[in-house]
Amino acid sequence: MTARILSGREYAAKIKEAAKREADLLGLRPGLAVVMVGDNPASAVYVRNKNKSCEELGFHSVMETLSANTSKERLLAVIDRLNADASIHGILVQLPLPAELSDAEQEVLNRISPDKDVDGFHPVNVGRLSTGQGSLAPCTPAGCIKMLEYADIPMDGKHAVIIGRSNIVGKPMAQLLLAKNATVTICHSHTKDLAKIVREADILVAAIGKPRFVTADMVKPGATVIDVGINRVEPKKLVGDVDFEAVSEVAGAITPVPGGVGLLTVAMLMQNVVTAAKMQLQGNCNIEKTDKGKMA
Ligand code: NDP
């Protein structure tokens, strides 16, 4: 069998088109602020891609670049200013933060207003996602779900196995698949008989960070394989967490790396900016709900 290739480019374009259509109906220009601390070259590439996508869709985009030795207080003050800026509907702080600020990461993420938290990392949005009230879900897993929908790959009643339990990919992916009525198993570095569990997956999500970890013998024939991993194996070569060549011969559908999930992530960020703008326009944001005591 040769798997159907799920092209990130194709599905990212669909996600962006839908985001643009929704933005046009809103009658305002969605605005995204990206805060980058330090000069991590990989982060700079990601940030440029986010700005490019905003430009492509005609969104307002602001880049706040702070030096690597910026204090926590200064960074929090920048977030406060962006929280109060009505032209900015979404804020994200590019991770990782420089080593000196890494202990403050959660405090920094928590400072972003939940209604502008387009990365979906704020505990309010994490809680909303896990209680089925999610509207700003983390971009990578949310983009994967959109792709499965566009690709007509059923999730209802399917066994989804996720390798990885990070807060940004594995756990929210599990919540989103549960919401689609999949039966979800999460594996991690302490999982026993990992290959046996993975072989049971109708939908397999690999978010490990280990090059070509998933081999062909671990995949059920016909399974859908979503490779979230991005691993640099040579100065200029990126590979996923899945052995793409071999697994393509077994899987029913598979995402490539590069050209797969990474593109969906940026596209979904655009959708989240529109969703955030819409919530703010409708006065339906999480903060207001909290203030009015409407949330449990
Ligand atoms: P983390 O390092 O936070 O999590 C990795 C997970 O993999 C952990 O839960 C870990 O288990 C698990 N793991 C590690 N080794 C094994 C093993 N031998 N067997 C089973 N499980 C294992 O990574 P992220 O979730 O942040 O990212 C995962 C990958 O996805 C990375 O390559 C990253 O670059 C990529 N990524 C790609 C994005 C995109 O847009 N395409 C966006 C975000 C990430 P444990 O918890 O027990 O340690």
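One-based numbering, in listed order, for ligands and for the atoms of each.
Under the 4.0 Å criterion applied to side-chain N and carboxylate O atoms, Lys72 and Glu100 are not assigned as salt-bridge partners. Taking the charged nitrogens against the carboxylate oxygens, Asp202 and Lys220 do have a contact shorter than 4.0 Å, which makes a salt bridge.
Checked against side-chain contact (heavy atoms from CB on, under 4.5 Å), Ile197 has the following partners two or more places apart in sequence or in another chain: Val161, Thr185, Cys187, Thr191. Taking the side-chain contact (heavy atoms from CB on, under 4.5 Å) definition, one finds that Ser67 meets it with Asn69, Thr70, sequence neighbours left out.
Near ligand 1, residues Thr140, Ile163, Gly164, Arg165, Ser166, Ile168, Val169, His188, Ser189, His190, Ala207, Ile208, Gly209, Lys210, Phe213, Val228, Gly229, Ile230, Asn231, Val261, Gly262, Thr265 each place a heavy atom inside the 4.0 Å sphere around the ligand atoms.
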Determine all donor-acceptor pairs shorter than 3.5 Å in which one atom belongs to a side chain in residues 171-178; sequence neighbours excluded.
residue : atom : partner : partner atom : Å
Lys171  : NZ   : Asn167  : OD1          : 2.9

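Side chain of Arg48 to main chain of Ser43: no donor-acceptor pair is present (N/O by atom type, distance under 3.5 Å, no hydrogens or angles).
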